[in-house]
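Here is the structure we will look at.
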Amino acid sequence: MPHFRTYDDTELHYRVLGPADSPRPPLVCLAGGPGRDAAYLGDLGGLAEDRQLVLPDSRGTGDSPAAADPARYAFPQLAEDVEALRAHLGLERFALLAHDAGAAVAQAYAAGYPQRLTRLVLVCPGSRLQGELPDDAQEIFAARAHEEWWPTASAAVRQLAEASDLGEVRELLFAAAPLAYGRWEEPQRAHAATEGEQLGPVPRAGFWQGVDEHLRLALLAGLREAACPVLVVTGDRDGVTGMRAGELVAESFPDARVRTLHEVGHYPWVDAPQLFGQTIEDFLHTA
């Protein structure tokens, strides 16, 4: 696996998918979780068929080592690792895609290095950075109470709030997983089965540490200066972050649009790979 050295001389790893001879520029893709192995992104609905995808494993996930200083797990620090990756790849400017909590890293990068981005895609982001936590995800989840999996998933969601044993947490995550997908079929089940083993508890715990109100407002101010086109993708069956959070994130940028995909959950490339892939490619080509 290729690697790069970041600002504190730590060696971090990344994967490259897709054809090396593609005429299309590469797309750097950030995983969420927070603290989840980037392998869960797969090839993002076939995006790697026609362009290279660069998928870094952030500190303490995948093949990248744990951070010696826990402060390095905070998302503004992870954005500095993205800048080191850009320099390593020799990209003057590039397109960036981020999913879930990775969108916070991408926003920190956009605030600090707006001149480096050609386009930014944020997939199912939360809006904690915006200072609001809408409750429409709960409404989406409740609206699916008629589905067979719902009682078990609902009980698992309640138990997760009190669970501390890692093995129990992994079992509960899988039981609650249907709320994150547009439907609960074999592709969704297979994708969900990987989550427990891919999550890093320490990187996850450190993701928001040290991000005080002053820094949060400074990052939001920086986003207003980020001029690149931004696409926010949401799913109308996303029981994790919902749709309203994506709208709030889009409002933070001067040039952003929201695309909500129908009957799609928190992992759009799993529920509707063709639709997701075409949505991203259309934006990258026409923005």
Side-chain angles (χ1 to χ4, degrees), residues 4 6-10 12 28-36 56 58-61 64 67-88 91-134 202-234 241-258 287:
F4 67 100
T6 188
Y7 63 92
D8 63 357
D9 207 37
T10 298
L12 301 178
V28 177
C29 305
L30 305 182
R36 187 171 179 182
S58 64
R59 295 170 186 255
T61 73
S64 289
D69 179 359
R72 304 296 194 214
Y73 291 126
F75 72 88
Q77 296 299 312
L78 298 181
E80 297 301 322
D81 293 332
V82 175
E83 172 59 8
L85 175 61
R86 178 206 63 79
H88 167 79
L91 301 173
E92 184 67 22
R93 303 178 72 220
F94 69 103
L96 178 63
L97 178 149
H99 174 247
D100 182 59
V105 180
Q107 289 176 82
Y109 186 83
Y113 301 94
Q115 76 281 5
R116 295 299 187 186
L117 293 176
T118 57
R119 288 158 178 75
L120 177 61
V121 181
L122 303 176
V123 182
C124 300
S127 55
R128 184 169 172 177
L129 180 59
Q130 281 65 34
E132 295 187 45
L133 299 174
V202 177
R204 185 179 182 88
F207 190 78
W208 288 95
Q209 296 302 308
V211 182
D212 59 17
E213 186 67 1
H214 176 75
L215 178 55
R216 186 184 74 83
L217 293 177
L219 290 173
L220 289 179
L223 294 184
R224 290 192 284 272
E225 304 301 320
C228 74
V230 179
L231 174 67
V232 179
V233 178
T234 63
T241 55
M243 296 179 288
R244 177 58 183 153
E247 296 169 359
L248 291 169
V249 170
E251 291 168 4
S252 299
F253 292 89
D255 182 11
R257 67 199 73 176
V258 178

Within the distance-only criterion (no hydrogens, no angle test), does the side chain of Asp100 pair as donor or acceptor with the backbone N or O of Gly102 below 3.5 angstrom?
no
Could Glu92 and Arg116 be called an ion pair, given the rule that one side-chain N must be under 4.0 Å from one carboxylate O?
yes
For residues Thr6 and Glu80, is any side-chain donor paired with an opposing acceptor at under 3.5 Å?
no
Say you draw a straight line from CG of Leu220 to CG of Leu129; how long is it, rounded to the nearest 0.5 Å?
4.5 Å
Please check if any side-chain donor atom of Tyr7 sits under 3.5 Å from a side-chain acceptor atom of Glu83, or the reverse.
no
Return the CG to CG distance between Leu219 and Leu223, rounded to the nearest 0.5 Å.
7.0 Å
Using 30° and 60° as the class boundaries, would you call the ring planes of Trp208 and Phe75 parallel, tilted or perpendicular?
perpendicular
So, taking the atom named CG in Leu91 and the one named CG in Leu96, what distance separates them when rounded to the nearest 0.5 Å?
11.0 Å
Could you report the tightest heavy-atom contact between Gly246 and Val258, atom names first, then the distance?
O-CG2, 4.2 Å
Presence of salt bridge, Arg257 and Glu247, under 4.0 angstrom
no
Check for a donor-acceptor pair, side chain of Ser127 on one end and backbone N or O of Glu132 on the other, with a separation under 3.5 Å.
yes
Going from CG on Leu248 to CZ on Arg128, what distance comes out if it is rounded to the nearest 0.5 angstrom?
15.5 Å
What distance do Arg59 atom CZ and Arg72 atom CZ have between them, rounded to the nearest 0.5 Å?
6.0 Å
Side-chain (Arg224) to main-chain (Ser252) donor-acceptor, under 3.5 angstrom:
no
Quick check: closest heavy atoms across Ser64 and Ser58, and the distance to 0.1 Å?
CB-O, 3.5 Å
Are any side-chain N or O atoms of Gln107 and backbone N or O atoms of Ala103, one a donor and one an acceptor, separated by less than 3.5 Å?
yes
